[in-house]
Amino acid sequence: MGASDLPIGVFDSGIGGLTVVKQLKKILPKENIVYLGDTARVPYGTRSKKVIEEFALEDLRFLLKRKVKCVVVACNTVSALALKKVKDNSSMVVFGMINPANAKALKTSKNKKIGLVGTRATVGSNAYKNIYMKRHASLLVPLVEEGITKGPELDIFIKKYFKDFKGKVDTLILGCTHYPIIKKSIEKYLGQNITLVDPAEEIAKEVKKYLKDNNLLNIQKMKGKTEYHLTDLNPRFLKTANNFLGNTNTAISFKQVAI
Ligand code: DGL
């Protein structure tokens, strides 16, 4: 088995990273993926750097044991607080959510007034460069996980968290795995003067470029398979997971693992 046949390893604090899997599958349909979501300990975004680093290393070790060809940190919080730690402890190439999103935002912004929304930890981290305005939107994670992905209840929180950006920035980084799911409602509220950057789309493009440049693309004829692993099979997550993958027809099967 050559390196190109190995799966891409993806981890996140929970099921949010499935929004990254969705983008990877879209542009790299032949790749096999091994996903780990640490649902037993989600959220990470409310925790300290030290704890986020510890959890991230455990997630990483799980993927390294599975033999993967690269590691995708599909969690903005881990990418912002612990990417160096993960890279220092990995023999593999590791991708994080921050740089590709930051680069896209700089390219997109005309006035270089870039906004950032994310978890408390991400927003407090200074991992992003050239950010004009930032704020956490902590309640959006539990809302989305409760399946509140559109409608008046969601709109109240969108207004609360996004109103300060209006008229101030022309580009806004959606720096949390859960926000792409409610992108339409955010777009509707902000209007056309603010362009949204989805880090999940940007990291997927970066992974594709890396695999291509290094002859690591899987050249099999069939569509790739994804193995989904969670540290807790809570029915609440299982119910919303399909939503994150944007895939409502196929039932996904998750395996419970200890890390
Ligand atoms: N996956 C996290 C992120 O992208 C959101 C959920 C959490 O706080 O763990 O920041």
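Read the numbers this way: they start at 1 and go in the same order the structure lists the ligands and their atoms.
- From the protein, the heavy atom lying nearest to atom 6 (C) of ligand 1 is Ser13 OG, 3.7 Å.
- In this structure a side-chain-to-backbone donor-acceptor pair under 3.5 Å is present from Lys49 to Leu81.
- Of all atoms in ligand 1, numbered sequentially from 1 with element shown, those under 4.0 Å from a heavy atom of Val42 are 9 (O).
- In this structure, Phe11 has its ring center at least 6.0 angstrom away from the ring center of Phe62.
- At a cut-off of 3.5 Å, with distance as the only test, no side-chain donor of Thr122 or Ser125 sits close to an acceptor on the other residue.
- Considering backbone and side-chain atoms alike, Thr122 places every N or O at 3.5 Å or more from each N or O of ligand 1.
- Pairs engaging residues 59-74 under the side-chain hydrogen bond (donor to acceptor under 3.5 Å, both in side chains) rule: Glu31-Lys69, Tyr44-Asp59, Arg66-Glu227 [sequence neighbours left out].
- Formation of a donor-acceptor pair under 3.5 Å by the Asp12 side chain with backbone atoms of Gly17 is found in this model.
- Regarding atom 8 (O) of ligand 1, its nearest protein heavy-atom neighbour is Gly45 N, 2.8 Å.
- Those atoms of ligand 1 that come under 4.0 Å of a heavy atom in Asp12, given as number and element, are 1 (N).
- Within the 3.5 Å criterion, the main-chain N or O of Tyr189 finds a donor-acceptor partner in the side chain of Lys166.
- Proximity of Thr119 to ligand 1, defined as any heavy-atom pair under 4.0 Å, is confined to the side chain (atoms from C-beta onward).
- In this structure, Ser138 contributes its side chain and Thr119 its backbone to no donor-acceptor pair below 3.5 Å.
- With Gly175, Ser79, Ala121, Cys75 as candidates, the residue nearest to atom 2 (C) of ligand 1 on a non-hydrogen basis is Cys75.
- The nearest protein atom to atom 10 (O) of ligand 1, hydrogens excluded, is given as Thr77 OG1, 2.6 Å; this is a heavy-atom distance.
- Contacts with ligand 1 closer than 4.0 Å are made by heavy atoms of both the backbone and the side chain of Pro43.
- Electrostatic pairing of Lys205 and Glu201 does not count as a salt bridge here, judged by no charged N lying under 4.0 Å from a carboxylate O.
- Heavy-atom separations between Gly14 and ligand 1 are all 4.0 Å or longer.
- Distances between N or O atoms of Asn76 and those of ligand 1 include at least one value under 3.5 Å.
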